[in-house]
Protein chains: 2
Amino acid sequence: MATIRDVAKLAGVGIGTVSRVISGNGSVSNKTLIKVNDAMAALKFIPNTSAQSLSSKRFNTIGLWGTKSSGEMSRATLTKIERELQPFDVSLITTDGERNSVNHPNASRLSIDKLINKGCDGLIIWGSDMPEFDILQLEKEFPNIVLLNNNVKAMPEKSFAFNHYDAGYIAGQHLVDNGHKEIAYISGWFDTSDANERHHGFIDALNENNISIHENLIYRGDYTFKKGFEGANYLFNQEPNFTALFCANDQSAMSAISALSSKGVDIPNEVSVLGYDNMNIASYTNPPLSTINVPVQKMAVSAVRKLINLCYGADLEIDYSFDAKLIERQSVIQLN
Amino acid sequence: MATIRDVAKLAGVGIGTVSRVISGNGSVSNKTLIKVNDAMAALKFIPNTSAQSLSSKRFNTIGLWGTKSSGEMSRATLTKIERELQPFDVSLITTDGERNSVNHPNASRLSIDKLINKGCDGLIIWGSDMPEFDILQLEKEFPNIVLLNNNVKAMPEKSFAFNHYDAGYIAGQHLVDNGHKEIAYISGWFDTSDANERHHGFIDALNENNISIHENLIYRGDYTFKKGFEGANYLFNQEPNFTALFCANDQSAMSAISALSSKGVDIPNEVSVLGYDNMNIASYTNPPLSTINVPVQKMAVSAVRKLINLCYGADLEIDYSFDAKLIERQSVIQLN
DNA sequence: GATTATTATGGAACCGTTTCCAATTATATG
DNA sequence: CATATAATTGGAAACGGTTCCATAATAATC
C-alpha cells in the first residue's frame, strides 16, 4: 500500500505538498498538482483514513442512534440518508442503541458515548427514547447532534419532527366532518411524545365537536399488525356499533381492516377506517386506505443536511416544513 | 482527553503495559493490572480508535454492501445484525452500493473498494447484484467477505442463501396438490439468480405434473405492492378463469388479493393465492396468506457469525440449513 | 530593476496507539 | 544455591497522515 511519502518521492515533491493536494487545503501550483496526481494514480494511492482521522480529528462518519422502539425505519429511509451523505463522502454507522432502564439508568448515554468514541463527527438521534434532560446534557458536550422524530423545544434548529398534534386533530376532524359520531380508536404506545400528541390532537378534535369517545372504544395497540388485528376484534366484540375507526398507523389499520372484513363487516360502508403514516401499503389495502401523510423521508433528509452543516461547516438549505396532510382514498365515507 | 501515556504515568508503569491491559494481549501481573485499571478509571481514559486502527490494522468494523435492488432488508434484520455484532464490539457501516452499468462497468467494485478503504475488517455482500466473476476476484484480494442472499458455488462456506428452486417447487406442488390446473403467476424481476431459481422450481413442479402455464397467465412484476396490484388486474382481464395465483413475494400477493377482492373475486373460494417470504404482513391479510417461509434473519445471523470467524479468528458455530417451508394459512383451498 | 506582497513548497513534529526487543524479575529445576 | 526457564516490563520505533513554520519562487507595485 503506497503512502504519502512514496507519492512524494515519485512526484519529486515534499510530503506536505502531497497532503495539500489530497485535502485541497493550501495552495498548490498547477504543475505540481499534475505531477502529484500522476504519481498518485501510478501508485494507486489511497489515503489511509485512520491516519487521517488520527491527525485531523475528522472522521467523515456520522452515527445513527436509535432503539428498536424508535419505530420501523424502512430500508428506503436509510438508503435516503446514505444517498444524502454520499456526495460529502461521509459514511453512516448504525447502532442498535439502548434505552435507559431501572437497572441501567445511563444505558442510552453510554451507548451513545460508544458511538462517539468510535469516531463520529455527528449524530442523528432517532426517536424519542432518550430523556430530554439527557439530550440537553449531551448537546452541551457534543453539539453536533440532530433529532429525528423528536422535538426538544430548546433545540428548534436541531429538531426534525412532525406535528403529531395537528395531524391527530386533522384525523379527528375528518371523521367528524364525515358525520361519524361513534368512533373507535386503536392507539399506539403512549410512552413517546409522538403518540401522546397524536392522541391529544385526535381527542381534542372530537371533543371540540362535542363528541366523546367511549372508553370501551379505545384499544391500546403498539403499531404492529398483530395488535391492529386483535384490537379490531376486541372493539367489535365490545360494541359493534361504531361507524369509524382511527388507527395510530397504517399497519394496524391494514390488519384491522382484515379483521373486520373477515367478520363480514363491509369497509367502508359499515365502518370507515382511517390510518396514519401513508406507507406504501396504504394504497393497496382493500379498500385503499385513507390516511395521514407523514413525510418521514423528507424529515430524514432535512436532519441529515442540518447535521452536515453542523459537522462540516456547509451551508445547505434546510426545509423545516413538515405539514400534516390528509390523503383521502376510499376507506372513509360520508355518513348519511 | 487522556492518552495512554497519562495513564502510564499515573499508574507508574510503561506505556507498553497499559497497551497490554487495554488489548488483553500479552501478560500483565495482577498487581499492575489493578493499578492500570484504577488509573484508567480515574482519568476516564478511552482508547482512541483511529490510533488503534492505524497501528494495528484492525478496525472493529464491518461493512454491509447492498444496492437498492438487493431487496427490502427490514430494519428488523439490520437490528439483528447489529445485535450479533455487539458482543464483539464491532460496528456496522452500511452503504448504498452501486450496480455495474454500461457507463460504469466497475461501479460495484469501486463502491466496495471505497467501503474497504474506509476501514472494514470484513464485508457482507448482500444480494446478487455483483457479477460472480467480480465476487471471485474480490475474494482473492480481500477474503473476509460473506454473501447474503446469494450463492456462489465456488464459495460454499461463504454463501448464505436460500434454495429458491426448492421453494418454488414446493409452491408449485402445493397448488397442484390442491387440484389447481389453471394457475396464474406474478413473478419478480428476472435479473437475479433468486428470481430465476424460484421461477424454474415453480414451473418444473407444474410441468412434472403435466400442467403447463399459459403465457397470458404470467405477469412480470417487481416485488412491489404496485405491480402486484396491477398484475392481478391484468391477469384477471386476460383470462379470469384461473383458480390459483402464485406471487413471487408477499407484498405483491397482498396487493393482488386487494385487487381481486375489489373486483368481487372471492379469495380463496374463487381464486387461491399463494405468497412467498412469510413476512409479518402475511398473517394479517384477508384471508391470511399461505406462503413460503424464507428465514431471512436466520441467514443474516449465520452470515454475520461466519464473518466474525473470518475476521477475528473466532470459532462460532454456523448454521447452514435454511429450508424451504410451506406455511399453510387460509388463502389456498382444495379444489373439488 | 529594486522592493514588497503573495503564492508555493519542504519537512519536522505530532496525533495516540501497537509491537517488538532487550532487560528485568519471578519461578522452577537439579 | 546456582542455573535454566518463564513471566513481566519499559520504551523506541512504526503506523500514515495533517499542520505549521521557515524558506523559496513568483507576481505585483512603484
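So that the names make sense, note that chain A is the first sequence line, chain B the second, and so on, each numbered from 1. Values in this document were obtained by computation on a predicted structure and should not be read as measured data.
Contacts of B/Ile46 with the nucleic acid, taken as non-hydrogen atoms under 4.0 Å apart, involve only primed sugar atoms and P, OP1 or OP2. Contacts of A/Val18 with the nucleic acid, taken as non-hydrogen atoms under 4.0 Å apart, are absent. Residue contacts shown for B/Ser50 are absent, as no nucleic acid heavy atom lies under 4.0 Å away. As judged by a 4.0 angstrom heavy-atom cut-off over every strand, A/Thr32 is placed among residues touching the sugar-phosphate backbone only.
In this structure, the separation between CD on A/Glu139 and CG on A/Asp134 is 13.0 Å, given to the nearest 0.5 Å.
In this structure, A/Ile4 places its CD1 atom 18 Å from P of C/dC15, rounding to the nearest Å. The CE atom of B/Met40 sits 15 Å away from the C1' atom of C/dG16 (whole-angstrom rounding). Summarising the geometry, the separation between CZ on A/Phe59 and C1' on C/dG16 is reported as 11 Å, rounded to the nearest angstrom. Following rounding to the nearest Å, A/Lys9 (NZ) and C/dG10 (C1') show an atom-to-atom distance of 15 Å. As rounded to whole Å, 11 Å separates atom P of D/dT8 from atom CG of B/Leu33. If you measure from atom CD of B/Gln52 to atom P of C/dT18, you get 5 Å, rounded to the nearest angstrom. For the pair A/Ile34 CD1 and C/dT9 P, the computed distance is 12 Å after rounding to whole Å. When the P atom of C/dT17 is taken as reference, atom CG of B/Asn48 falls 5 Å away, rounded to whole Å.
Between A/Tyr223 and A/Trp189, the ring planes lie perpendicular to each other; the angle is over 60°, past the 30° to 60° tilted range.
Listed nucleotides: C/dT17, D/dG17, D/dC15. Nearest to the side chain of A/Phe45: D/dG17.
With respect to A/Arg58 and A/Asp121, no salt bridge is recorded, no charged nitrogen being found less than 4.0 Å from a carboxylate O. A salt bridge links B/Glu141 and B/Arg109; the closest N-O separation between the charged side-chain nitrogens and carboxylate oxygens is under 4.0 Å.
Within a 6.0 Å radius of CG in A/Asn144, other residues, nucleotides and ligands contribute more than 12 heavy atoms.
When each of A/Arg5 and A/Gly26 is assigned the nucleotide of DNA chain C with its nearest heavy atom, A/Gly26 is the one assigned upstream, toward the 5' end.
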Give me the distances for all protein-to-nucleotides 19-21 of chain C N/O pairs that come in under 3.5 Å?
unit_1	atom_1	unit_2	atom_2	d
C/dC20	N4	B/Arg20	NH2	3.3

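An OP1 or OP2 oxygen of D/dA7 is reached within less than 4.0 angstrom by no side-chain nitrogen or oxygen of B/Ser27. In this model, the phosphate group of C/dA26 is not approached by any side-chain N or O of B/Ser29 to a distance below 4.0 Å at OP1 or OP2.
Contact between A/Glu82 and B/Asp96 at its shortest, heavy atoms only, is OE1-N, 2.9 Å.
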Between B/Asp129 and B/Thr67, is the side chain to side chain donor-acceptor pair (under 3.5 Å) condition met? List the steps.
CA-CA 7 Å; B/Asp129 278 322; B/Thr67 72; 2.2 Å; yes

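In this model, no side-chain donor or acceptor of B/Arg58 finds a partner on the base of C/dT17 within 3.5 Å.
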